[in-house]
Amino acid sequence: GLARAAAAVRAFAPQAVVDVTAMTATDVTAVAPVFADCARIVVISSCDVYEAYREYRAGVLVQSGVITETSPVRTVRHAFAHAVPGCPRYEKLDVEDAWRGYPAIFLRSTAVYGPHDYLRRESFVVDRVAAGRHDIPFGPGTLRYTRISATALAACVRLALTADSAMVGQVFNVAETETATVTEWAHAIAAGLGTTIRLIRVPDEVLPADLAISAAHRQHLVISAHKARQSLDWHPNPDVATSARWHARHGAGRTDFTADDHALANAREAI
């Protein structure tokens with residue numbers, strides 16, 4: 001990989017590097033010396049470094065307010081061994097630590113959506129609409145989880161690359177200004193597709209797996225990117241419609257909705 005091309009990279013003499021792929025400390029230490037002469041490193045980290053994210057996954061509540069750069073980070077590391085397939089040592093806190101000492105700026109991104117998103121975050125609506133299913137079994141849908149479009153994240157990266165040297169070593173959350181509920185997000189996806197949906201309230205225990213995000217959650221993930229907006233003069237705009245339409249055109253959608261039919265047989269009400 002890059003380590004084997006070290007001589008060529010040094011000859012190219014890059015002035016800046018954006019690290020979007022490091023998932024472990026080893027990923028960093030294998031290549032960081034190659035960039036020792038770079039004036040700026042922008043490291044894409046994750047908001048999963050915060051304790052609130054671990055508790056969100058565990059179904060308990062630790063923080064009722066917004067998550068800022070000063071919120072507690074996890075004391076338990078490697079808590080998400082299955083977050084990245086084939087990478088049991090995944091840990092963005094380790095990645096951040098490994099880049100410290102270099103002229104790095106750390107961007108802690110929340111959930112990224114947009115064209116080419118391999119997680120297809122809008123698929124829970126897109127696939128059903130594509131199959132002509134406009135009645136969707138849903139939990140309470142009250143979870144608030146701030147997101148960010150890939151386009152807005154890229155704009156933040158560009159600004160970090162050219163930011164004043166006083167920004168080196170600092171951490172910035174990267175998230176949209178407003179945080180919709182899952183219910184609001186589902187309707188926004190449908191609107192982006194030029195249609196409407198009905199969310200049918202069903203018990204959480206019968207929700208299809210890809211609709212678990214609509215279940216009751218105690219820990220919300222409302223993430224503030226005020227620091228990035230102020231310090232980097234960054235102004236993110238949501239772009240759900242573009243993303244939804246792209247995935248509707250390019251996604252290999254689900255076709256088996258047996259679990260939906262079972263859940264809808266337990267319908268309570270439309271929400």
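Here the structure is a predicted model, which means the values were calculated and not measured.
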Got Ile189 and Phe124 here, is their nearest side-chain heavy-atom distance under 4.5 Å?
yes
Just verifying a value: how many Å separate Ile197 CD1 and His187 NE2, rounded to the nearest 0.5 Å?
5.5 Å
Using side-chain heavy atoms (C-beta onward) and a distance below 4.5 Å, is Pro208 in contact with Arg128?
yes
Heavy-atom closest contact (Val76 atom, Ala79 atom, distance)
O-CB, 4.2 Å
Minimum side-chain heavy-atom gap Ile105-Gln170 below 4.5 Å:
no
State, to 0.1 Å, how close Ala152 and Ile148 come at their nearest heavy-atom pair, and which atoms those are.
CB-CD1, 3.6 Å
If only atom types and distance count, is the side chain of Asp204 paired as donor or acceptor with the main-chain N or O of Ala215 below 3.5 Å?
no
Apply the test side-chain contact (heavy atoms from CB on, under 4.5 Å) to residues Val73 and Arg108: give CA-CA distance (whole Å), side-chain angles for both, the deciding distance (0.1 Å), then the verdict.
CA-CA 12 Å; Val73 298; Arg108 289 178 177 167; 4.0 Å; yes
Set of side chain to side chain contact (heavy atoms under 4.5 Å, CB included) partners for His262, sequence neighbours left out
Val206, Asn266
What heavy-atom pair brings Ala163 and Met167 nearest, and what distance separates the two atoms?
CB-CG, 3.8 Å
Can you tell me how far apart NE2 (His220) and CD1 (Ile223) are? Round to the nearest 0.5 Å.
13.0 Å
Please walk me through it: do Asn237 and Asp239 pass side-chain contact (heavy atoms from CB on, under 4.5 Å)?
CA-CA 6 Å; Asn237 292 309; Asp239 198 8; over 6 Å; no
Evaluate side-chain contact (heavy atoms from CB on, under 4.5 Å) for Val42 paired with Leu107, printing each intermediate quantity in order.
CA-CA 7 Å; Val42 176; Leu107 302 183; 3.7 Å; yes
Is there a path of hydrophobic side-chain contacts, each under 4.5 Å between heavy atoms of I/L/V/M/F/W/Y residues, joining Ile67 to Leu153?
no
Do Asp210 and Arg120 have side chains that approach each other closer than 4.5 Å (heavy atoms only, starting at C-beta)?
no
Taking atom SG of Cys47 and atom CG of Leu221, what is their separation to the nearest 0.5 Å?
8.5 Å
What residues, two or more places apart in sequence or in another chain, satisfy ring pair (Phe, Tyr, Trp, His ring centres under 6.0 Å) together with Phe257?
none
Val34 reachable from Val28 in the ILVMFWY side-chain graph, under 4.5 Å edges
yes
Do Glu176 and Val240 come close enough that some side-chain heavy atom pair is under 4.5 Å?
no
Atom CZ in Arg121, atom OH in Tyr118: separation rounded to 0.5 Å?
7.5 Å
Going by ring pair (Phe, Tyr, Trp, His ring centres under 6.0 Å), name the pairs with one or both residues in residues 14-64, residues two or more places apart or in two chains.
Tyr53-Tyr56, Tyr53-Phe80, Tyr56-Tyr145, Tyr56-His217
Between His134 and Thr196 (side chain of the first, backbone of the second, donor and acceptor by atom type, cut-off under 3.5 Å), is there such a pair?
yes
Does atom CD (Gln15) have a neighbourhood of more than 12 heavy atoms from anything else shown, all under 6.0 Å?
no
Can you find a pair of side-chain heavy atoms, one from Ser231 and one from Phe172, that are under 4.5 Å apart?
yes
Just grab all the salt bridge (charged side-chain N to carboxylate O under 4.0 Å, His left out) pairs involving residues 64-75, residues at least two apart or on different chains.
Asp48-Arg74, Arg74-Glu91
Out of curiosity, Phe106 CZ to Ser45 OG, how far, rounded to the nearest 0.5 Å?
8.0 Å
I need the minimum non-hydrogen distance between Leu161 and Val17, along with the two atoms involved.
CD2-O, 4.4 Å
Given Thr146, which partner from the list Thr177, Val66, Thr179 fulfils the side-chain contact (heavy atoms from CB on, under 4.5 Å) test?
Thr179
From the list Asp94, Val95, Val84, side-chain contact (heavy atoms from CB on, under 4.5 Å) partner of Met23 resolves to Val84
Expected output: side-chain Lys227 to main-chain Leu232 donor-acceptor under 3.5 Å
no
Do Val126 and Leu199 sit in the same hydrophobic cluster, where Ile, Leu, Val, Met, Phe, Trp and Tyr count as joined when their side-chain heavy atoms come under 4.5 Å apart?
yes
Is there a side-chain contact between Thr21 and Asp19 in this structure, where contact means two heavy atoms from C-beta onward sitting under 4.5 Å apart?
yes
Non-hydrogen atoms of Trp234 and Ala175 that approach each other most closely
CH2-O, 3.5 Å
Shared ILVMFWY cluster between Tyr113 and Ile213, side chains joined below 4.5 angstrom?
yes
Under the side chain to side chain contact (heavy atoms under 4.5 Å, CB included) test, residues paired with Thr181 that sit two or more places apart:
Arg144, Thr183, Glu184
Within the distance-only criterion (no hydrogens, no angle test), does the side chain of Ser214 pair as donor or acceptor with the backbone N or O of Gly141 below 3.5 angstrom?
no
Do you know the tightest heavy-atom contact between Pro103 and Ala39?
CB-O, 3.4 Å
Derivation and outcome, side-chain contact (heavy atoms from CB on, under 4.5 Å), residues Val60 and Gln219
CA-CA 6 Å; Val60 297; Gln219 178 65 62; over 6 Å; no
Do any N or O atoms from the side chain of Arg40 and from the backbone of Ala160 form a donor-acceptor pair under 3.5 angstrom?
yes
If you count every heavy atom of other residues, nucleotides or ligands that lies below 6.0 Å from Arg100 atom CZ, does the total exceed 12?
yes
Distance-only, no hydrogens or angles: does the Arg54 side chain make a donor-acceptor pair with backbone N or O of Thr75 under 3.5 Å?
no
Within the 3.5 Å criterion, strictly below it, is a donor on Thr70 or Thr68 matched to an acceptor on the partner's side chain?
yes
Which residues pass the ring pair (Phe, Tyr, Trp, His ring centres under 6.0 Å) test with Tyr90, not counting sequence neighbours?
none
I want to check something: taking the side chain as every heavy atom from C-beta on, are Thr110 and Asn173 in contact at a cut-off of under 4.5 Å?
no
For the pair Asp27 and Arg89, find out whether any cationic side-chain nitrogen is under 4.0 Å from an anionic carboxylate oxygen.
no
With rounding to the nearest 0.5 Å, note down the distance linking CZ in Arg218 to CG in Leu143.
14.0 Å
According to a hydrophobic-cluster definition based on side-chain heavy atoms being under 4.5 Å apart (Ile, Leu, Val, Met, Phe, Trp, Tyr only), do Leu159 and Val18 belong together?
yes
